[in-house]
Amino acid sequence: MKRLFFVILFAIATANLYAQYFMADTVKLNATYRELLKHPESKEAQMAYFEAFPNTWMEYIVTYQFDPDDKEGRKNLYFAGHKHVYAFQYKLNLISDSLYYKKLVNIAIGGRKDADAANYLQSCVKSHMIDHSEQILNALAPLCKRHRFEFWEFYFSNIVKSADIEEELNRLVELHKNCHPEDVQMMKDAFKYFYNGVNFFSHGYLDAD
């Protein structure tokens, strides 16, 4: 009986692990995207696309990552990634802030710096951070410290030094140092380790200096 229990437990854990690597329902995603373009001010069309869009980083990157063996884009939606993220970023104005930023944060947690799909998502998050940083921090608030730090890791990840990113850190620190001191410290720590010298994750790891 004990052996059967562990077999079942292992099967459940394995299923949950592999579930993380499934791409989104691409048929539904494409269909709701087309419907959104036809009816951009329809709340039903916006919600359908919002719900069809990937929910986690792993689901997102498997759906939109580049596959060198898939020149014609038959395996995933690599060639649709830019326009899909654009629609997610700019065409969901009827989705409530609480729902939208909860999902955006959830996708970004665990993200890794790379070209194309990863870059589209990072740009989307940074764009929303300009005017909606409070809503984003509110979406982060219920999460454990590890996941919150992973969000800031992705947010500040960059290949080289950048004055823009340095200014962005200073802006966020000044805005939130009183109401969100713990997150401000996470920002500073993530900035320290990830804003300079992070290569594309698809290129492998860097050697120590």
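In this chain, residues are counted from 1 in sequence order.
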Side-chain heavy-atom pair F22, V62 within 4.5 angstrom cut-off: no
Within residues 91-116 or reaching into it, pairs that qualify as salt bridge (Lys or Arg N to Asp or Glu O under 4.0 Å) - sequence neighbours excluded: R112-E153
From CA spacing to verdict: side chain to side chain contact (heavy atoms under 4.5 Å, CB included), T56, N106: CA-CA 6 Å; T56 65; N106 204 53; 3.9 Å; yes
hydrophobic_cluster_shared for L175 and F151, side chain cutoff 4.5 Å: no
Working for side chain to side chain contact (heavy atoms under 4.5 Å, CB included), residues L77 and Y33: CA-CA 12 Å; L77 297 181; Y33 172 75; over 6 Å; no
Side-chain donor or acceptor of N199 paired with backbone N/O of G204 under 3.5 Å: yes
Validation row: E51, T32 side chains within 4.5 angstrom (heavy atoms): no
Any V85 side-chain heavy atom under 4.5 Å of F53 side chain: yes
Residue list, side chain to side chain donor-acceptor pair (under 3.5 Å) with Y64, at least two apart or on another chain: H84
Q46 side-chain N/O to P40 backbone N/O, donor-acceptor pair under 3.5 Å: yes
Heavy-atom check, side chain of I107 versus side chain of V125, under 4.5 Å: no
Transitive ILVMFWY cluster of V160, excluding itself - 4.5 Å side-chain cut-off: I159, F200
Partners passing side chain to side chain donor-acceptor pair (under 3.5 Å) against S133 (at least two apart in sequence or in another chain): H176
Pairing residues for F154 by the ring pair (Phe, Tyr, Trp, His ring centres under 6.0 Å) criterion, not counting sequence neighbours: W57
Within 6.0 Å of NZ in K126, more than 12 heavy atoms from elsewhere: yes
Gap separating the CG atom of L29 from the CZ atom of R34, nearest 0.5 angstrom: 10.0 Å
Side chain to side chain contact (heavy atoms under 4.5 Å, CB included) partners for D131, two or more places apart: none
ILVMFWY clustering at 4.5 Å (side-chain atoms), partners of Y86: Y90
Pairs meeting criterion ring-ring contact (aromatic ring centres under 6.0 Å, His included) with involvement of residues 121-140, two or more places apart: Y100-H128, Y101-H128, Y101-H132
Residues 189-197, side-chain donor-acceptor partners within the protein, below 3.5 Å, at least two apart:
residue, atom, partner, partner atom, Å
D189, OD1, Q185, NE2, 3.1
Y195, OH, E166, OE2, 2.5
N196, OD1, K161, N, 3.2

S127 and Q89 side chains, donor-acceptor separation under 3.5 Å: yes
CA sep, side-chain torsions, deciding dist, call: R171, M129, side chain to side chain contact (heavy atoms under 4.5 Å, CB included): CA-CA 11 Å; R171 182 184 77 88; M129 192 70 77; 4.0 Å; yes
Evaluation steps, side chain to side chain contact (heavy atoms under 4.5 Å, CB included), between E35 and Y49: CA-CA 8 Å; E35 193 66 17; Y49 182 69; over 6 Å; no
Which donor-acceptor pairs under 3.5 Å do side chains of residues 142-149 form with protein atoms, sequence neighbours excluded?
residue, atom, partner, partner atom, Å
K145, NZ, E182, OE2, 3.3
H147, ND1, E150, OE1, 3.2
R148, NH1, E182, OE1, 3.3
R148, NH2, E182, OE1, 2.9
R148, NH2, D183, OD2, 3.2

Linked hydrophobic residues, L94 as query - side chain contacts closer than 4.5 Å: none
Reported OG1-to-CG distance for the pair T26 and N76, which is rounded to 0.5 angstrom: 9.0 Å
For D164, all residues meeting side chain to side chain contact (heavy atoms under 4.5 Å, CB included), sequence neighbours excluded: S162, E167
L121 vs L104 side-chain heavy atoms within contact, under 4.5 Å: yes
Minimum side-chain heavy-atom gap F201-I61 below 4.5 Å: yes
Side-chain donor/acceptor of Y155 to backbone N/O of M187, under 3.5 Å: no
